[in-house]
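These notes concern the structure reproduced below.
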Amino acid sequence: MLKSIVVALIMAGPVMAQDLILPPDPTRLPPHQVTVFKELEDAGRLPFSVDAIEEALLHNLGANTVSDAAVYAPNTFFSEFTARKLSNPRFRGIGASPLNPGVTTYIDGVPQFNANSSSIELLDVEQVEFARGPLSPLFGRNALGGVINITTRRPTLSQWKSAFSTATGNYAEWREQISVSGPIADGTAVSLTLGGSGRQGFTTNDITGRDLDHRAAGYFKGQLWWTPNSRWESRLIISNEIDRDGDYALNDLGALMVNPYHAARDYEGDTRRNVFSTTILARYEDALYTFSTITGFVHWSTRDRTDLDYTPGSFVTRQNDERDFQFTEELRFAINTPAPITPNISLKWQAGLFLFSQRYSQEAANTYEAFVLDPMIPFPVTSTSPQGELNDTGFGLYGQTTLNVMKRVDVVIGLRADREDKDAELNSFYGPAIAPAATTTGERNFRNWSPEFAGAYHFDDNRMVYASFGRGYKAGGFNAVAPAGSESYNAESAYHVELGAKGSMADGKLAVSAAAFFIDWNRMQLNLPDPFVPAQFYIGNVDGARSKGVELEVHARPHPDVDLFGGLGFTNARFDDGTSLSGMDISHNPVPNAPQHTFTLGTELKRELPAGLTVYGHVDAWFNGGFKYDESNTAGQPAYSLVNFRAGARGSRLFVEFFMKNVGGTRYIPIAFAFPMLAPSGFLGEMGAPRRFGVAAQLQID
């Protein structure tokens, strides 16, 4: 497949040579600017796999969170609950615990080291990028599988603008948002967006007749942008999201297959989250070099209350409180204009320093009713495990050089050194004290070198082939709670090899990219259920795994009013020969939560009518090839598909549209985990979202 695409791109040369003399054509596809190398560059000229979902497409997708946008990124899958605090991205089979992700989300250059803060409302977002591959040489820890970049739109410096949007749908779904943006002085502008959303639950508790998993949230984002001249700019971005959600919609996996969107439990809890962040960006850029700084403060807290046995019986309930504060600072210097070494060879480079600290605390308590913990204990007992703190500090130094030869060949060499120091203090005890309390303390440090090598050959400005090699890295650490002997875990690394081709043809009306990849994991980290504590997870290492696959993407604009999209990803991620887990041989088993394939088809249509009115429609279909829930491959989700539709009319100030998600009403269970204690099937799961539909409108005032 890859060879035939490369040949097709080469044969298209005579057609594309005409691009220099043809007048502008509205059917030509615009280039996508991405920040994989920390500067805006044309995605079609980078030797890496990256997809950019721009603001207009985010709207047409109805994307409110980052996982909504992921349908256009091949081999990308989010294993997530409907409670937004638990959302774990996976690229090409690479994923991990929320406490130590393998794919990190960056929001305006600030990494979210814990998945609890990464899935928030997309407010004023200009673009979402999905960069797949070993990006540890530039981004360091937790970029072993890649990164997700979310960038915020700048305020407007020209005039004041405001907008109000509203939406309503079935399940009493509502969403309202108001935003204002404009200048307050020469070179200074501000913006503010406030919003809220909510819905009834999808799942009914058959014991009480009430819905379990209702959702509600309020959020805001404010921004100050100061650009005193063409070289300097500074931005202050403050955001906050408060989620007040109902309980998890978990039930026995077998029961869900027979009676979906139903559960039966005597206790109904809730899940709450508060995410507050402050980002300060400063940048100086002239014709020769760029100097930039990114300072980030992220504070989040969560509180869960749930019926831990998930049955009508009164056996055990759980309360879990978590807090996290992280500080990050990045200083970066880059040469903008390639420096000539010889008449045919030029060089540009960048270097940076990254500092961080993270303070995480958790207090989780399971309350067992009388006689449940032991037939000899006739009174309720609360088991607190853990009550403790995990602290992490570190730094990274990185550099990258791009050598250009005769304007045809790019050679990229990068290297990053990382150092992390971690310590833990964890307490476990009972109330009443039926057993002695236990305290675990420890300190560990981790060092790593992450190299990067890539080469690209450009046939012209529109077509290229490339090869890349890199090493991804993820530090080890401590588990807040784990079985005896698993209190800490080791670092994970992975070597990536990728071959690819990118190009446009048919006078820029068609863009094609293809890639083949191979990944070799070492000391792979897995998020594992604790066999002794219900619904509690810890990180453990296994020997290794391998993933190989291909990706193909096509974007066509045969007419100014027609856009066509297509993306295919195939992943074969399996554990290495001789790999075992808790004494069980899992050799060659598929890695859990790694779909065998993802396939997306989509189209956008529009038509301009008199009086400045435009009617439009968007349809996308996403196919998931199925995956396993656990390492032993005991249970899994078969292949399924989801279709979404959106259509409306837009004027200069007002638009009204109709939307429908999961048009076919597909019933699927995207997340489940082992729960052998009380679930008859041995697994608990949560249904995916059912069919939803409604109307939305927005009024804009200039």
Is the ring centre of F113 less than 6.0 Å from the ring centre of F356?
yes

Give a yes/no verdict on a cation-pi contact between K548 and F570, requiring under 6.0 Å between NZ or CZ and the six-membered ring centre and an angle within 45° of the axis.
no

Any salt bridge linking D245 with R84? Criterion: basic side-chain nitrogen under 4.0 Å from a carboxylate oxygen.
yes

Can you tell whether the side chains of E330 and K38 come within less than 4.0 Å, N to carboxylate O?
yes

Salt bridge check: are R92 and E551 linked by an N-O gap of less than 4.0 Å?
yes

With a 4.0 Å cut-off on N to O distance, would you call R175 and E121 a salt bridge?
yes

Walk me through it: do W521 and E492 pass the test side-chain contact (heavy atoms from CB on, under 4.5 Å)?
CA-CA 7 Å; W521 276 290; E492 174 184 352; 2.9 Å; yes

Might you work through the side-chain contact (heavy atoms from CB on, under 4.5 Å) test for V412 and E452, ending with a clear yes or no?
CA-CA 8 Å; V412 181; E452 165 196 44; 4.1 Å; yes

State which residues pass side chain to side chain donor-acceptor pair (under 3.5 Å) with R332; sequence neighbours excluded, sorted by chain then number.
E39, Q350

Output yes when E41 and K348 qualify as a salt bridge under the 4.0 Å nitrogen-oxygen rule, no when they do not.
yes

Among side-chain atoms of E80 and S119, is any donor-acceptor pair under 3.5 angstrom?
no

Assert yes or no for the condition that the ring centre distance of F518 to Y495 is strictly below 6.0 Å.
no

